[in-house]
Protein chains: 2
Amino acid sequence: MAIFSKTCEYAIRAVFYIALKTVAGGRVGIKDIATGIDSPELYLAKILQDLSRKGLISSVKGPHGGFFIEPPSLSRPLSDIVEAVDGDSLFYGCGLGLKQCSEVNPCPLHNEFKDIRDRIHKLLNTTTIGEFNSELIDGLLSLKK
Amino acid sequence: MAIFSKTCEYAIRAVFYIALKTVAGGRVGIKDIATGIDSPELYLAKILQDLSRKGLISSVKGPHGGFFIEPPSLSRPLSDIVEAVDGDSLFYGCGLGLKQCSEVNPCPLHNEFKDIRDRIHKLLNTTTIGEFNSELIDGLLSLKK
DNA sequence: TTAATAAAAGACAAAAATATCTTTTATTAA
DNA sequence: TTAATAAAAGATATTTTTGTCTTTTATTAA
């Protein structure tokens, strides 16, 4: 098992890619994104439609259309993407899948996992969509393969 | 998304339950386990067959048969269960799903996730199958709902 | 205003995960 | 040695996730 669903992995990588490509104010097409992050084009299209509906990214149809990100959204945290796609069970769910797990009715791993979940949550809350742009431009970071 | 697959959640809870029920040297039937951890009986049977084949737990057929855990296995780490069921991608895989992600070709979250994965790995490596037995007996910990 | 472009939307398909059903095998006790 | 018990094994079913195909809608430029 991975931390995120495949859908969420594609979503995060795609948003990074769109951010990177639109710092100059441009728009980027679905083919370009799918190639840029090595994902199935039509599946990614569905994912981006969803993120677009939820306001995380923007799009325009027609010639010279495509996806882009509004400047303010560059400072939104990655947790917004994760919550939109995978929900918040990664941050709040019980590690052993118990619905009623809590401080007063803990599973054996409750405290240990609380710590880990908090760490993941904090990481995704303090990391923004736009913060890797310059490193991505410089080719120091990878979004594919 | 949860940290573990549903299968793995059932597996860990079941192993805890079997450990708990066999400290006295007894054996525990699949119905008992499924009820005790609130899981689908026949699906759990499949999971336990697998864990049994892999030597994590033991079983005997026939009257008074059932599942049990050899005393030495009580000190095995939880990571053995997780690896048997979910593989090791939780410990070593890239957070964004990139096959080639590494120190020299990192994804944007490489270092942050390395830290988190290491923490999860360490937690599961240092936590043993039998270490919650007394708390489980005392009813301080929950394995169901 | 028409043709071309590109995303949106809806339907469908394949694969993987989860769950169930049936038959077989091993063990025990009478 | 027979009947009862309980797990193993194999087949099948359902649900969820992932992926694809087709049609529609919005936008642009000529």
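Below, read A as the first sequence line, B as the second, and so on, with proteins coming before strands; counting in each chain starts at 1.
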Would you say Tyr10(A) reaches dG19(D)'s phosphate, i.e. side-chain N/O to OP1/OP2 under 4.0 Å?
yes

Test of understanding: clusters of I, L, V, M, F, W, Y form through side-chain heavy atoms closer than 4.5 Å, transitively. Do Ile81(B) and Tyr92(B) belong to the same one?
yes

In terms of the angle between their ring planes, are Phe132(B) and Phe16(B) parallel, tilted or perpendicular, with boundaries placed at 30° and 60°?
perpendicular

Check this for me: does any side-chain nitrogen of one of Asp38(B) and Arg13(B) sit under 4.0 Å from a carboxylate oxygen of the other?
no

To the nearest angstrom, how far is Glu9(A) atom CD from dT18(D) atom P?
9 Å

Rounded distance in Å - CG (Leu44(A)) to C1' (dA7(C))
12 Å

State which of dA7(C), dA19(C), dT20(D) makes the closest approach to the side chain of Pro40(B).
dA19(C)

Using whole Å, report how far CD of Gln49(B) lies from C1' of dA7(D).
7 Å

Atom CZ of Phe68(A) and atom P of dA7(C): how far apart are they, to the nearest Å?
12 Å

At under 4.0 Å, does any side-chain N or O of Ser52(B) touch on OP1 or OP2 of dA8(D)?
yes

Starting at atom CD1 of Ile18(B), determine the distance to atom P of dA7(D), rounded to an integer number of angstrom.
10 Å

So, is Arg53(A) close to the dA9(C) phosphate, meaning a side-chain N or O under 4.0 Å from OP1 or OP2?
yes

Under 4.5 Å between any side-chain heavy atoms of Ser59(B) and Ser52(B), yes or no?
yes

Using only modelled atom types and a 3.5 angstrom limit, is any donor from either the side chain of Lys46(B) or the base of dG10(D) paired with an acceptor on the other?
yes

Among dT18(D), dT18(C), dA7(C), find the nucleotide with the atom closest to the side chain of Phe67(A).
dA7(C)

Counting only Watson-Crick or G-U wobble pairs whose two distances fall under 3.5 Å, which nucleotide matches dT20(D)?
dA11(C)

Check the phosphate of dT17(D) against Thr7(A), side-chain N and O only, distance under 4.0 Å to OP1 or OP2. Yes or no?
no

Output the residues of residues 58-65 of chain B in contact with DNA chain C, where contact means a heavy atom of the residue under 4.0 Å from an atom of the strand; sort by number or write none.
Lys61(B), Gly62(B), Pro63(B), His64(B)

Does Asp115(A) come within less than 4.0 Å of Arg119(A), counting only side-chain N to carboxylate O?
no

Nearest-Å distance, CD (Glu41(A)) to P (dT20(D))?
10 Å

Passing option when Phe68(B) is tested against Val23(B), Val60(B), Ile57(B), Val28(B) for side-chain contact (heavy atoms from CB on, under 4.5 Å)
Val60(B)

Begin with the C-alpha distance, continue with both residues' side-chain angles, and end with the deciding distance and a verdict on side-chain hydrogen bond (donor to acceptor under 3.5 Å, both in side chains) for Ser5(A) and Tyr10(A).
CA-CA 9 Å; Ser5(A) 68; Tyr10(A) 292 149; over 6 Å; no

Please confirm whether the ring centroid of Phe4(A) lies under 6.0 Å from the ring centroid of Phe113(B).
yes

Does Arg27(A) or Ile30(B) map to a spot on DNA chain D nearer the 5' end, using the closest nucleotide for each?
Ile30(B)

Euclidean distance, atom CD1 of residue Ile47(B) to atom P of dA9(D) [Å, nearest integer]:
16 Å

Using both distances under 3.5 Å as the test, list the Watson-Crick or G-U wobble partner of dA13(D), or none.
dT18(C)

Given that both distances must come in under 3.5 Å, which nucleotide forms a Watson-Crick or G-U wobble pair with dT28(C)?
dA3(D)

Could you tell me how far apart Lys31(B) (NZ) and dT5(D) (C1') are, to the nearest whole angstrom?
11 Å

